[in-house]
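Beneath this line is the structure, given in structure tokens, with notes to follow.
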2 protein chains.
Amino acid sequence: MTNERAAPPTISEVAAEAGVGRSTAARTLGGYGYVSPEVRERVLAAAERIGYRTNALARSMSTGVTHTIGVIVADIANPFFGGVVRGISDASRTRGFDTLVLSTYEKLAEEIAATDVLIDKRVDGMIIASAALDPASADHILQARSRGIPVILVDRVVRGLHLDAVVIDNRTASREAVARLIAAGHRRVGFVWGPPLAERPSRRRDFIDVAARNLSTDGERLQGYLDALDDEGIAFDPELVMVGPKDEERAEAEATRMLGLADAPTAMFCTETDAVTGTLRAIRAAGLHVGSDVSLIGFDDSSWAAVMEPPLTMIEQPMLALGERAAEALLEMIDGGADSVRVHTLETRLIERASVQPPPAARA
Amino acid sequence: MTNERAAPPTISEVAAEAGVGRSTAARTLGGYGYVSPEVRERVLAAAERIGYRTNALARSMSTGVTHTIGVIVADIANPFFGGVVRGISDASRTRGFDTLVLSTYEKLAEEIAATDVLIDKRVDGMIIASAALDPASADHILQARSRGIPVILVDRVVRGLHLDAVVIDNRTASREAVARLIAAGHRRVGFVWGPPLAERPSRRRDFIDVAARNLSTDGERLQGYLDALDDEGIAFDPELVMVGPKDEERAEAEATRMLGLADAPTAMFCTETDAVTGTLRAIRAAGLHVGSDVSLIGFDDSSWAAVMEPPLTMIEQPMLALGERAAEALLEMIDGGADSVRVHTLETRLIERASVQPPPAARA
DNA sequence: CTGTTAGCGCATTCAA
DNA sequence: TTGAATGCGCTAACAG
């Protein structure tokens, strides 16, 4: 009961069954050219009878279009990218396009291999959340572009690369969140999920350099943090930013370190979900309470954040919209439109709940 | 700087550039047949020079295999499916297969359309988390199978359909979780995320019927709940199971209703993430506390569950493993192996944290 | 070991 | 309006 693998019926067989020429059958089945109503019916009936299904491969072979778009993200299991991919596939599906999704786990080599796969499979376009930090490491993207394949970046831009992109304004979102913390009275706010550096720089400008060379999202978020501090004339303290690998364990360790400082932060700004949970663990382990002891704002709202005790103030990213817009922009390029390079910036939203309170000292 | 869309270099062009015959070039580029080392080098160099990339479509056209597997799930943005899909793509990628993912949002019509797309694109196999409740509504799956396309079900089985599948033992997982609650002293435990029924049945056997006709996962979880009650001789109370649409709002409303009962439940068993957050909202709104006032166990552990106050006792599903196993099983079928139908059942794990406490009355 | 010859299934001229 | 002939780029016998 397995692989009988009987060759699928072809247009020729339908033609024979209907008693017409191949091209006549092809025209009615392919929905192009002229066919008399009667013949049309006959062909359709014959196709139905023998269970004909068009061979998209053969069609792509002669038309040159596959009606599939390639998507490259860091990790499809990450809720953020899951949302983006959903937005992309929903938007493209309604236009008759399917999506081939590849995860890179932030490894450039994987990303390069992924673009090769997509090129080989002749996708009509690609949407990439690239791990490339500069033009020099984005050669594979230019490669695709030079082959005439429309490409649009999503979530992150590659600095110095003149390409279409759909992103959010990370710097502003971050700046506003930290400003909110400062407005509540905090002067010492920790930054969790910092630069992936082995050692902590001591000078402020080193951090700015790092931010400028880092993944655009991470860099902009750090820059926004710095902006907010500047706005209020608060001194930057290197000790208050996390360094090291970007994972929950490290976030917890760094948050714990900060909380143990003589002049400990009274608020924490976390730039990613795992940074939030890691920080939460650290706060609890230190015997402190969110809100009353240490305020917190994090990136990427989720239904969990709303049921925490206390409910967490979070920055909501329009994941679905990011994907939808990226898909729409890409399809437009595929249709031959939009020649100029454009960067679409979508709005984020600071959802205020109860994790931001005045610092302990200011209360009393 | 847009669609120059210069026709990509073909094998013939490489052959010309290298000064050899088409097939010789094809052999070295395709990695089959014999080619002398010297000629081989020459061809490779020529290919490199003119930027040749194999056309996977043309190759598939003549070999009959696309090296891509189709995946159909309810919603790629759902963390559970995101994990499953990641498992699938990771496992298949290492074997040279890519994945085409389609979401159905639990709508059978979408699922049927999705299988058609996959058939048309000639995927080498499919992995489906079907929304079909019985063989009668799973005709599209049999259709694919009869065309010789390997299919393997994941997460849920279609009762009465003799197909390979990779699932977890929902009934047992559920039974053990509820047993844990009962062991802590609870006699009244609410079941959140029940049958999608408009009205609540009054007889126990109606619930069993519903469970048997429902989505296999949901049905088995309800059945496991019933089993646990039976094991301890606890009477089943229809009022303690949620009915209606399966969404967070409804979960909250139903949990609120139960908590307002004269003989309110002292523990809640939630079969999905949104059921957990909805229930948590209800508990808080009622001015109660998780653990001390009402115990809770839910399905699908996440890093958030561990940082809740108190940390939540949850059932962990091996999402990645489900995907990996499904992919492995499918690839085995594609390789022509495994003729017999097999159902792989993976282990779940009850992660005990602090949301399960003795009921208030039993304390004092 | 290499080159020639046929298809794969469809879309697309071009005649009829 | 319909059908016969070509070609898409590659693999796969086949003969040289």
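Chain naming here is simple, since letters A, B, ... match the order of the sequence lines and numbering starts at 1 in each.
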Provide, to the nearest angstrom, the distance between the [atom1] atom belonging to [X] and the [atom2] atom belonging to [N].
X      : N      : atom1 : atom2 : value
B/N55  : D/dC10 : CG    : P     : 6 Å
B/D120 : C/dC10 : CG    : C1'   : 13 Å
A/R122 : D/dC8  : CZ    : C1'   : 11 Å
A/R59  : D/dG9  : CZ    : P     : 18 Å
A/M61  : C/dG9  : CE    : C1'   : 10 Å
B/R53  : D/dC10 : CZ    : P     : 12 Å
A/L57  : D/dT11 : CG    : C1'   : 14 Å
B/K121 : C/dG9  : NZ    : P     : 19 Å

Describe the nucleic acid contact of B/T10 in one word from base, sugar-phosphate, nothing, applying a heavy-atom distance below 4.0 Å.
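Sugar-phosphate, no base atom in range.
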
May I ask you to decide whether A/E110 forms a salt bridge with B/R93, counting only side-chain N to carboxylate O separations under 4.0 Å?
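Looking at B/R93 together with A/E110, the answer is no, because their closest N to O distance does not fall below 4.0 Å.
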
Do B/R156 and B/E106 meet the salt-bridge criterion of a basic N to acidic O distance under 4.0 Å?
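Looking at B/R156 together with B/E106, the answer is yes, because their closest N to O distance falls below 4.0 Å.
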
Report yes if at least one side-chain N or O of [X] is closer than 4.0 Å to OP1 or OP2 of [N]; otherwise report no.
X     : N      : result
B/Y34 : C/dT2  : no
A/Y32 : C/dA11 : yes
B/Y52 : D/dC10 : yes
A/R22 : D/dG3  : no
B/S36 : C/dT2  : yes
B/T24 : C/dG3  : yes

Would you find more than 12 non-hydrogen atoms of other residues, nucleotides or ligands less than 6.0 Å from A/Y105 atom OH?
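Yes - once you tally the heavy atoms of other residues, nucleotides and ligands closer than 6.0 Å, there are more than 12.
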
For a quick check, tell me whether the side chain of B/S62 and the base of D/dA12 share a donor-acceptor pair closer than 3.5 Å.
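Check fails, no donor-acceptor contact within cut-off.
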
N/O donor-acceptor pair, side chain B/R27 with base C/dG3, under 3.5 angstrom:
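When only heavy-atom distances are counted, B/R27 does reach the base of C/dG3 through a donor-acceptor pair under 3.5 Å.
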
Given that B/V35 and A/A56 both sit by DNA chain C, which one's nearest nucleotide is further toward the 5' end?
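The residue mapped nearer the 5' terminus is B/V35.
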
Options D/dT11, C/dG9, D/dG9, nucleotide nearest the side-chain atoms of B/T63
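Nearest to the side-chain atoms of B/T63, counting from C-beta on, is D/dT11.
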
Has A/T66 got a side-chain atom pairing as donor or acceptor with A/R122's backbone, closer than 3.5 angstrom?
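Yes, the answer is positive, given that a donor and an acceptor are paired below the 3.5 Å cut-off.
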
Once you round to the nearest 0.5 Å, how far does CD of A/E328 lie from CD1 of A/I152?
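With rounding to 0.5 Å, CD (A/E328) is 10.0 Å from CD1 (A/I152).
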
